[in-house]
Amino acid sequence: MRSTIFIYIAKNFIIKFITVVIAISTLILIINLFDGLDLKSDAKVSWITILKMIPLQIPAFLEDISIFLIMLSAILCLSSLSTKSEITIMRSSGLSLWQILSPSILTSFILGILFVFLFNPLTIACSKKFNAMKQNLNGKESSNILAPSNGIWLKQQNILQKGEEIVIRAKSIDKDNFELSDINLWFFDNDGKLYQKIDANTMLL
């Protein structure tokens with residue numbers, strides 16, 4: 001019985017999440033359509049090109065508000081269960097509040113993993129293509145590679161070893177997806193002594 005209720009709540013949450021994503025995506029399309037009108041007035045751009053560019057902005061926006069999407073879906077899911085008095089019935093059957101919330105929590109965790117490992121690469125690809133198309137329309141080169149003569153130098157704390165630092169040198173960086181090329185990483189211990197060096201072809205910042 002409890003597994004059936006768990007699946008029922010999780011399914012309800014996923015349906016609400018899909019509904020919210022579709023609604024927000026539609027709103028983004030409408031807003032970007034008005035931006036497309038400005039773009040068409042500034043340059044000789046066909047409607048086909050504009051309609052190709054508009055959807056490319058959706059993944060980046062959805063990723064930025066992913067936490068809000070999950071939170072809103074959870075609120076709508078619990079509100080739906082409460083409106084139908086289903087939460088009261090579940091509590092009367094012996095389920096605790098934690099058992100009622102756990103399906104939404106677990107589903108949110110899984111959606112978060114999907115956003116990181118599946119949706120993030122899609123967002124990067126779409127943003128890169130959109131910027132390239134926009135720059136081509138403006139008559140600019142599509143390359144967004146920044147490559148200073150002395151390279152790009154960064155320093156950060158080593159999150160795996162408290163107190164240690166990592167110095168990063170890259171030959172160039174793609175400004176769209178923050179992808180570094182020709183990487184050298186130097187690891188320094190708490191006393192400032194170098195103890196490890198790693199070379200890599202590419203790395204995402």
Side-chain angles (χ1 to χ4, degrees), residues 6 10 13-14 16-18 20-21 24-25 28 32 53 55-75 77 97-99 101-135 140-205:
F6 186 97
F13 179 87
I14 293 174
K16 292 296 186 295
F17 179 79
I18 294 175
V20 170
V21 169
I24 297 297
S25 299
I28 298 172
N32 289 341
M53 293 176 62
L56 296 175
Q57 296 176 281
I58 296 178
F61 188 83
L62 291 179
E63 186 176 27
D64 290 339
I65 63 171
S66 58
I67 297 177
F68 170 76
L69 296 176
I70 292 176
M71 182 184 68
L72 183 58
S73 301
I75 292 175
C77 177
L97 185 59
W98 169 254
Q99 290 173 318
L101 293 176
S102 58
S104 298
I105 295 174
L106 180 60
T107 307
S108 299
F109 179 75
I110 295 174
L111 288 174
I113 294 177
L114 293 178
F115 262 99
V116 172
F117 291 100
L118 296 180
F119 201 75
N120 183 260
L122 174 64
T123 300
I124 293 175
C126 290
S127 297
K128 190 172 183 179
K129 186 174 181 180
F130 174 81
N131 290 330
M133 293 178 67
K134 188 173 182 180
Q135 288 180 351
K140 300 178 181 179
E141 294 183 359
S142 60
S143 175
N144 282 315
I145 303 299
L146 178 64
S149 58
N150 59 343
I152 298 169
W153 292 84
L154 303 169
K155 184 172 72 171
Q156 68 178 40
Q157 296 292 324
N158 188 347
I159 61 174
L160 299 179
Q161 299 292 338
K162 187 176 181 181
E164 296 187 359
E165 291 184 338
I166 303 175
V167 175
I168 305 172
R169 180 190 180 279
K171 182 177 180 181
S172 62
I173 183 173
D174 189 323
K175 294 182 290 184
D176 283 340
N177 55 17
F178 297 103
E179 182 179 5
L180 300 170
S181 301
D182 296 330
I183 317 298
N184 305 115
L185 297 95
W186 291 275
F187 293 78
F188 295 88
D189 60 18
N190 295 330
D191 298 326
K193 295 181 180 180
L194 176 67
Y195 69 89
Q196 186 180 9
K197 180 177 180 290
I198 297 178
D199 299 326
N201 294 326
T202 59
M203 181 179 73
L204 289 177
L205 182 64

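Here Ile166 contributes atom CD1 and Leu160 contributes atom CG; the two are 7.5 Å apart, rounded to the nearest 0.5 Å. Going from atom CG of Leu101 over to atom CG of Leu106 covers 12.5 Å, rounded to the nearest 0.5 Å. For the atom pair Leu180 CG and Ile173 CD1, the distance stands at 4.5 Å (nearest 0.5 Å). Here Lys16 contributes atom NZ and Leu72 contributes atom CG; the two are 11.0 Å apart, rounded to the nearest 0.5 Å.
For the pair Phe13 and Ser108, the tightest heavy-atom approach, listed with the atom from each and the gap, is CZ-OG, 3.3 Å. Across every non-hydrogen atom of Trp153 and Asn150, the tightest pair is NE1-O, 3.0 Å. Closest approach of Thr107 to Pro103, counting heavy atoms only: OG1-O, 2.6 Å. Considering every non-hydrogen atom in both Pro59 and Pro55, the closest pair reads CD-O, 3.4 Å. A pairwise comparison of heavy atoms in Ser104 and Cys77 identifies OG-SG, 4.3 Å as the closest pair. Taking every heavy atom of both residues into account, Ile183 and Ala170 meet most closely at CD1-CB, 3.7 Å.
Between Ile24 and Val20, the closest side-chain pair of non-hydrogen atoms falls below 4.5 Å. In this structure the side chain of Glu179 never reaches within 4.5 angstrom of the side chain of Ile124, judged on heavy atoms. Proximity of Gln99 to Phe6: side-chain heavy atoms (C-beta onward) are nowhere separated by under 4.5 Å.
For Ile159, there are no side-chain contact (heavy atoms from CB on, under 4.5 Å) partners, not counting sequence neighbours. Residues that satisfy the ring pair (Phe, Tyr, Trp, His ring centres under 6.0 Å) test with Phe119, not counting sequence neighbours, are Phe115. A search for side-chain contact (heavy atoms from CB on, under 4.5 Å) contacts involving Phe130 returns Met53, Leu56, Gln57, Lys134, not counting sequence neighbours.
Within the structure, every pair that satisfies the side-chain hydrogen bond (donor to acceptor under 3.5 Å, both in side chains) test and touches residues 196-205, not counting sequence neighbours, is listed here: Asn184-Asp199, Lys197-Asp199. Among residues at least two apart or in separate chains, salt bridge (charged side-chain N to carboxylate O under 4.0 Å, His left out) pairs with a member in residues 158-167 are Lys155-Glu165.
Side-chain atoms of Asp191 do not come within 3.5 Å of backbone N or O of Lys193 as any donor-acceptor pair.
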Please tabulate, one pair per line, all N/O donor-acceptor pairs under 3.5 Å involving side-chain atoms of residues 61-71, not counting sequence neighbours.
from: Glu63; atom 1: OE1; to: Thr123; atom 2: OG1; distance (Å): 3.3
from: Glu63; atom 1: OE2; to: Asn120; atom 2: ND2; distance (Å): 2.6
from: Ser66; atom 1: OG; to: Glu63; atom 2: O; distance (Å): 3.1

